[in-house]
Amino acid sequence: MNGSHHTLHSTATEQARQISAAQARKLIEANDMYAHSNRADTAIQERSYSRLAAKLLVVEVLTDSPQSAEALNLLGRIELDLGHVQESVVCFDNAIALDPLNTQYQTNRGYAALASSQHDEAIAYFNAALVCKRSNVNAFTGIATALQRKGDFLGAFLHFKSLYEKGISSRLIETGLSECCKYLKVDHYDSALEQLALDLLNSSEIDKDHLDAFVASLLVAKYDLSNDEAVIELDTLAQDKLLLTALNHTRMSNLYIENLLTALRQNIFLNGLQTGELPESLQEITAALGVYAARLDYAFSETDDETQGVNIISQEIAQTCRGHWSPEDVIAAVMLLAMYRSIYQEAFNYHLLKHDLSAWPVGSALVLKASLYEQSDEHLYEFPLPGKPEDLYQIEHVRPFPRWTQLGWESEADYMQLLKTELKLDKLPESFTNKRLAFLIADCGTGRRALRIAKYFANVEVLAIDSRKENIAYAIKKAKDLNIQNVQFLVAQPDDLCELNKRFDVIECNSGMAGYTNIDETIATFTRLMQDEGILRLGLYRQAARNEVQQIQQLIKDKGISPVSDNVRALRRAIIDDVGSGCWNRVLNTPDFYSVNGTRALLFAQNEHAFNLKGVQQLLGEQRLSFLGFAGIPAEAAEQLPRMSKQNLAAWHDLEMRDPDLFTDAYFFFSRKFQS
């Protein structure tokens with residue numbers, strides 16, 4: 001979905017050399033309309049109107065002046081935005097033939113190649129543009145984007161970083177940096193990288209989850225945490241801005257970091273318990289550890305001394321709240337307790353909630369918000385929702401998973417045009433044209449993908465369902481916070497929708513379908529809910545990547561371990577203690593393992609299904625579904641197959657056998673009903 005619009009500029013003087021004054025005025029007007037269509041604050045309908053009006057004006061100019069390179073270039077940009085990639089290529093090629101040294105034409109031609117996943121070709125055009133003008137930021141950004149889409153995340157990161165260090169910042173550049181960080185780890189400390197990490201962590205635009213591994217590895221290198229002999233001072237950690245900021249914004253999925261933070265928490269807590277004080281110098285780090293603990297659902301293990309101390313502090317707070325008290329009387333104890341327990345799940349929570357968040361000392365606001373007020377709001381959003389069958393989690397309140405903050409930024413796009421480009425379809429289904437596409441997102445979790453589709457794809461209506469009440473409550477709250485109105489969330493299973501007498505153009509289920517006992521029946525339900533020319537996007541676990549997970553799942557079933565939080569923490573500890581065996585490396589490298597709810601979802605699934613590609617082929621054949629292609633596969637990998645084999649799963653299976661790293665933990669792919 002990532003892309004970038006570049007406003008075109010022209011002057012009447014330049015146009016006068018090629019076309020009449022009247023035609024030049026039309027071209028200037030078309031440029032203005034095109035620029036208006038790409039403004040973020042322009043409504044969708046108005047955007048479409050402006051783009052069409054601009055195209056009509058440019059066509060008029062070219063009718064009289066077919067050799068106008070500037071008009072050809074503008075028409076190419078419009079066609080590209082409309083998803084007509086081949087038409088745009090013809091326009092740009094003709095413009096370049098007329099003016100080979102024009103940096104803007106070369107740049108736009110590069111973006112046309114990028115739109116059709118021709119990454120190396122795109123880089124060649126961007127480099128040609130830079131030969132014409134070394135300061136062409138759009139061309140340099142294009143190279144970074146092409147490298148990112150090729151899977152060369154280090155090369156892309158270095159290009160984005162170069163732009164950022166020159167003071168050139170945009171949502172595209174910040175997003176590109178953060179998305180590359182998701183795939184990168186630092187092997188040595190660098191102060192410039194630390195400053196960049198801090199800038200990204202403090203950005204309001206980007207998805208902070210992408211920074212988890214990058215920031216964790218930077219801290220591991222900074223403090224030499226892989227060295228058992230490393231000595232780290234408490235005061236140094238307490239004042240470390242990178243650590244403090246990371247605790248407040250990320251989930252660092254790293255065992256070295258977990259061990260460091262577990263020891264740091266213990267030191268602060270036991271000293272506070274012994275002295276009865278929380279020194280000012282430790283208040284910020286204590287609050288940050290409380291925020292982090294809430295994000296991880298209090299996953300860290302604790303000693304018996306800590307458990308005993310936590311119970312003592314909880315009782316003392318409860319006793320204080322029975323009399324006359326103020327926030328200042330309990331805040332130090334609450335901050336210490338919040339490193340270990342959800343304040344909202346303490347019996348005295350209603351006493352604390354009598355005070356607004358603003359009534360608490362400023363330095364404690366973030367931890368009170370994370371450990372008390374946000375959890376209270378989540379629970380409140382559940383009450384109006386219909387009930388659900390009792391499940392194994394009934395004896396404790398389970399928070400939604402995964403929780404998230406930023407939606408992340410994308411440029412607005414047309415879903416079907418992007419799908420056509422990604423899957424190399426010759427044409428789109430006729431029933432999809434000139435209509436509002438109806439999406440169904442099954443197993444939507446906490447609604448992030450459903451909200452991204454609703455926000456960043458033009459002309460769509462989204463229905464998202466999940467069986468977990470707390471997840472839907474969270475998604476509804478997020479939709480309200482973000483003011484996204486073309487999406488509806490329901491507590492439901494796919495079967496429940498058959499009574500709605502509604503059919504969908506696009507159905508997605510990206511969860512691995514672990515919650516369904518009979519996967520065949522569920523997919524059959526999807527096909528009944530889908531339009532005849534509809535698209536089904538599925539995510540299925542990859543058998544080769546789930547061996548460790550399934551061994552643990554079987555052990556849990558054999559021993560009858562219930563998924564209550566204390567059991568989840570005990571299982572995590574057992575796996576961590578066995579790290580030296582090397583048996584569980586894949587589990588330990590899975591981000592979900594580093595929170596209680598993540599571990600519960602990862603290891604306590606009741607009905608997990610895993611496949612190889614031959615199994616996927618058999619499944620689709622039995623359901624009379626045609627395989628259309630994979631999502632997110634770099635074009636260079638796909639180019640290893642002849643064009644006619646790209647919709648042949650047997651050919652993909654052979655390619656995977658030669659390149660086991662081609663896929664990660666799951667297969668994400670598109671299919672549709674057999675076409676007569």
Check: Ser371/Tyr298 side-chain N/O donor and acceptor closer than 3.5 Å: yes
Step-by-step salt bridge (Lys or Arg N to Asp or Glu O under 4.0 Å) determination, Arg251 to Asp297: CA-CA 11 Å; Arg251 182 180 62 181; Asp297 311 304; over 6 Å; no
Minimum side-chain heavy-atom gap Gln488-Val462 below 4.5 Å: no
is_close_aromatic(Tyr111, Phe126), centroid dist under 6.0 Å: yes
Whether Phe630 and Tyr667 hold their rings parallel, tilted or perpendicular, with breakpoints at 30° and 60°: tilted
Arg109 side, atom CZ; Leu114 side, atom CG - distance, nearest 0.5 Å: 11.5 Å
Pair Tyr189-Glu194, side-chain donor/acceptor within less than 3.5 Å: yes
More than 12 heavy atoms from other groups under 6.0 Å of OH on Tyr256: no
Check against side-chain contact (heavy atoms from CB on, under 4.5 Å), Lys222 and Leu218: CA-CA 6 Å; Lys222 182 176 183 178; Leu218 187 56; 5.7 Å; no
Considering all heavy atoms, the nearest Leu80-Ala115 contact: CD1-CB, 3.8 Å
Parallel, tilted or perpendicular, as decided by the 30° and 60° cut-offs, for the rings of Phe214 and Phe157: tilted
Pair Glu608 + Arg546, salt bridge at N-O below 4.0 Å: yes
Check: Leu200 main-chain N/O paired with Ser203 side-chain donor or acceptor under 3.5 Å: no
Presence of salt bridge, Arg449 and Glu508, under 4.0 angstrom: yes
Straight-line distance of Leu196 CG to Leu211 CG, nearest 0.5 Å: 9.0 Å
Check: Arg51 and Ile78 side chains under 4.5 Å, non-hydrogen atoms: yes
No-hydrogen, no-angle side-chain donor-acceptor test under 3.5 Å, Arg295 and Thr250: no
Side chain to side chain, Leu198 and Leu242, heavy atoms closer than 4.5 Å: yes
Minimum side-chain heavy-atom gap Leu172-Thr175 below 4.5 Å: no
Side-chain donor or acceptor of Ser116 paired with backbone N/O of Ala113 under 3.5 Å: yes
Pair Asn138-Thr107, side-chain donor/acceptor within less than 3.5 Å: no
Which atom of Ala146 lies closest to which atom of Ile123, heavy atoms considered: CB-CG1, 3.6 Å
Tyr373-Asp377 side chain donor-acceptor pair, cut-off 3.5 Å: no
Short side-chain donor-acceptor distance under 3.5 Å, Asn589 and Arg586: no
Ring-ring centroid check Tyr415 Phe439, cutoff 6.0 Å: yes
By salt bridge (Lys or Arg N to Asp or Glu O under 4.0 Å) - contacts of Asp209 (at least two apart): Arg448
Under 3.5 Å donor-acceptor, Lys208 side chain and Ser178 backbone: no
Polar contact flag, side-chain donor to acceptor under 3.5 angstrom, Gln406-Glu205: no
Any side-chain heavy-atom pair of Leu193 and Lys161 under 4.5 Å: yes
Tyr474 side chain to Gly445 backbone, donor-acceptor under 3.5 Å: no
Arg542 to Phe663 six-membered ring, cation-pi geometry met (6.0 Å, 45°): no
Verdict with supporting geometry, Leu154 and Leu147, side-chain contact (heavy atoms from CB on, under 4.5 Å): CA-CA 9 Å; Leu154 178 58; Leu147 290 171; over 6 Å; no
Among Asp665, Asp592, Leu602, Thr590, the one residue meeting side-chain contact (heavy atoms from CB on, under 4.5 Å) with Val549: Leu602
Derivation of the salt bridge (Lys or Arg N to Asp or Glu O under 4.0 Å) call for Arg572 and Glu258: CA-CA 12 Å; Arg572 289 190 75 255; Glu258 177 163 337; 2.8 Å; yes
Check against side-chain contact (heavy atoms from CB on, under 4.5 Å), Asn459 and Leu437: CA-CA 7 Å; Asn459 209 25; Leu437 291 179; over 6 Å; no
Residue pair Val398 / Arg600: nearest heavy atoms and the distance that separates them: CG1-NH1, 3.6 Å
Polar side chain donor-acceptor pair, Lys166 to Ser162, under 3.5 angstrom: yes
Check against salt bridge (Lys or Arg N to Asp or Glu O under 4.0 Å), Arg399 and Glu470: CA-CA 6 Å; Arg399 296 188 69 190; Glu470 64 272 12; over 6 Å; no
Donor-acceptor contact below 3.5 Å, side chain Tyr292 vs main chain Leu244: no
Gln118 versus Asp120, side-chain donor and acceptor atoms under 3.5 Å: no
Any side-chain heavy-atom pair of Asp207 and Trp404 under 4.5 Å: no
Val596 side chain near Leu296 side chain, heavy-atom distance below 4.5 Å: no
Arg265 and Thr286: CA distance, side-chain angles, deciding distance, side chain to side chain donor-acceptor pair (under 3.5 Å) verdict: CA-CA 8 Å; Arg265 180 185 70 167; Thr286 303; over 6 Å; no
Contact summary for Ile472 and Cys444, nearest pair of heavy atoms: CD1-SG, 3.8 Å
Closest non-hydrogen atom pair between Ile168 and Ile173, with its separation: O-CD1, 3.4 Å
Val460 side chain reached by Val506 side chain, heavy atoms, under 4.5 Å: no
Distance-only side-chain donor-acceptor flag, Arg537 / Asn510, under 3.5 Å: yes
Between Asp199 and Tyr164, a side-chain donor and acceptor under 3.5 Å: yes
Test item: side-chain donor near acceptor, Gln148 and His159, under 3.5 Å: no
OG1-NZ distance between Thr446 and Lys478, expressed to the nearest 0.5 angstrom: 8.5 Å
Shortest non-hydrogen contact between Leu243 and Leu237, atoms and distance: CD2-O, 3.7 Å
CA sep, side-chain torsions, deciding dist, call: Asn108, Gln106, side chain to side chain donor-acceptor pair (under 3.5 Å): CA-CA 6 Å; Asn108 289 339; Gln106 297 281 3; over 6 Å; no
Verdict with supporting geometry, Thr103 and Asn136, side chain to side chain donor-acceptor pair (under 3.5 Å): CA-CA 8 Å; Thr103 186; Asn136 186 331; 2.7 Å; yes
Test item: side-chain donor near acceptor, Asp240 and Tyr223, under 3.5 Å: yes
